[in-house]
Protein chains: 2
Amino acid sequence: MGDGRTTATTHEERHTGAGRARLHEAALRLFAEHGVSGTSLQMIADALGVTKAAVYWHYRTKDEIVLGVLTPVVEDLTGVVGAARARRGPRARTEALITGLVDVVVRSRMVYVVLAGDPFIGELLGKDERLRAVVEEMTDLIAGPGHDEAQRVSALMFLAGLVGPLNHPACAAIADDDLRRHLVDGGRRLLLTRAAAKG
Amino acid sequence: MGDGRTTATTHEERHTGAGRARLHEAALRLFAEHGVSGTSLQMIADALGVTKAAVYWHYRTKDEIVLGVLTPVVEDLTGVVGAARARRGPRARTEALITGLVDVVVRSRMVYVVLAGDPFIGELLGKDERLRAVVEEMTDLIAGPGHDEAQRVSALMFLAGLVGPLNHPACAAIADDDLRRHLVDGGRRLLLTRAAAKG
DNA sequence: GTCTATAATGCGATAGAC
DNA sequence: GTCTATCGCATTATAGAC
């Protein structure tokens, strides 16, 4: 410390810089709007007002940028899955997963849109073990073996359905508390009520 | 007829050829798996066992390929929206839209995954009027003005949620009739039941 | 209807100066 | 931490032979 460098960063310390937060912010907005494959490093660099090479100082590959953006939410989701698994009984586990998952996705908003909605993530699942694990465990908890066909369909509807309100402009103005409540209500109706008899 | 040409096609008749169906099939599978932006014309050509130039004989741009794949479903959805609008009362309209929409998406399966789930479509909405119109009218019917905040969130959950079961491998084996029933049940629980009191 | 060949551009990624 | 400059490659798209 005390030398001429304003931001001392070794190769391993890059992830602690403040520039990383701005990069995540810009990349995330572009990923959610155009998709990961539809977002070039040039677009990210332009949004930050820098060049591609500057972006590459923070991350060595595009995959690492995507993982860097997703990692905080992936860790939150790992906690939610663990807490839900600690409950006894499938209904209690489902209830815990609904409220925990909604809490995470509303806090992060656009991150879940990328995580659950972007086709590029499917390719990343084969490369990153933690990502693959949390997605698989989350799905298994409410749609895995032990649940019947109808419940599995409802569960997949819920997991994918969260993306709808999150990235729709009509819901951008909804306060976090209200959005959370509506999403939890929707999840309970989908997953914790019996199907009505056909009319 | 009777001359040496095996497939007589003028510039305007291209869309009636049998090769178009194979192209749609191959492109659709790739779009649903890798996303539109993640699918190159080379990948489509490889899947067909031909070269890129052969693909360009059918369509002049990638956008036209996407629109060509989506158009049959867009037309089906236009019919569903019209039929739903003919009903009187918001509940009847919602019910008609649920059953009609589910019918269309189960018949087409992967097309709706691209239409409702791919970020690239957002860019196409600004270029194709029929596409923009049907998406807007469909959303307005169950999530437009006249519905409260909770209902709008549920509606967007439903529209986005359909993608989940449709592209998940665990649901590929479900028979069309069963999948239709489960999706309609889920839609009714989301959109036609009151929210349960918080426990 | 499909091919080879090519134009023009953009992509992810690297090297090295400051 | 950011820059300029560049490499090698893939991309969309076109021209013209068969």
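All chains are named by letter (A, B, ...) in the order of the sequence lines, taking the proteins before the strands, and each is independently numbered beginning at 1.
- For the pair A:Arg29 and A:Glu33, the salt-bridge criterion is not met [side-chain N within less than 4.0 Å of a carboxylate O].
- Here the P atom of nucleotide C:dT14 and the NE2 atom of A:His58 are 16 Å apart, to the nearest Å.
- Distance A:Asp46 CG to C:dC11 C1': 14 Å, rounded to the nearest Å.
- Among the nucleotides D:dT12, C:dC3, C:dG12, the one closest to the side chain of A:Leu41 is C:dG12.
- Comparing B:Lys52 and A:Lys52 against DNA chain C, the residue whose closest nucleotide sits nearer the 5' end is B:Lys52.
- Summarising the geometry, the separation between CZ on A:Arg22 and C1' on D:dG1 is reported as 12 Å, rounded to the nearest angstrom.
- Straight-line distance from the NZ atom of B:Lys62 to the P atom of C:dT9: 19 Å, rounded to whole Å.
- Picking from D:dT2, C:dA5, C:dT2 the nucleotide with the shortest atom distance to the side chain of B:Ala53 gives C:dA5.
- An OP1 or OP2 oxygen of D:dA10 is reached within less than 4.0 angstrom by no side-chain nitrogen or oxygen of B:Ser40.
- Between A:Thr51 and D:dC3 there is a side-chain N or O to OP1 or OP2 distance below 4.0 Å.
- B:Gln42 places its CD atom 7 Å from the P atom of D:dT11, with the value rounded to the nearest Å.
- One atom, OH of B:Tyr59, and another, P of D:dT12, lie 16 Å apart when rounded to the nearest Å.
- Rounded to whole Å, the distance from OH on A:Tyr56 to C1' on C:dT14 is 9 Å.
- Taking a cutoff of 4.0 Å between a charged side-chain nitrogen and a carboxylate oxygen, A:Arg152 and A:Glu149 do not qualify as a salt bridge.
- Taking the charged nitrogens against the carboxylate oxygens, B:Arg107 and B:Asp103 do have a contact shorter than 4.0 Å, which makes a salt bridge.
- Rounded to an integer number of Å, the gap from CH2 of B:Trp57 to P of D:dG16 is 19 Å.
- Between A:Asp63 and A:Lys127 there is a salt bridge, since at least one side-chain N of the basic residue sits less than 4.0 Å from a carboxylate O of the acidic one.
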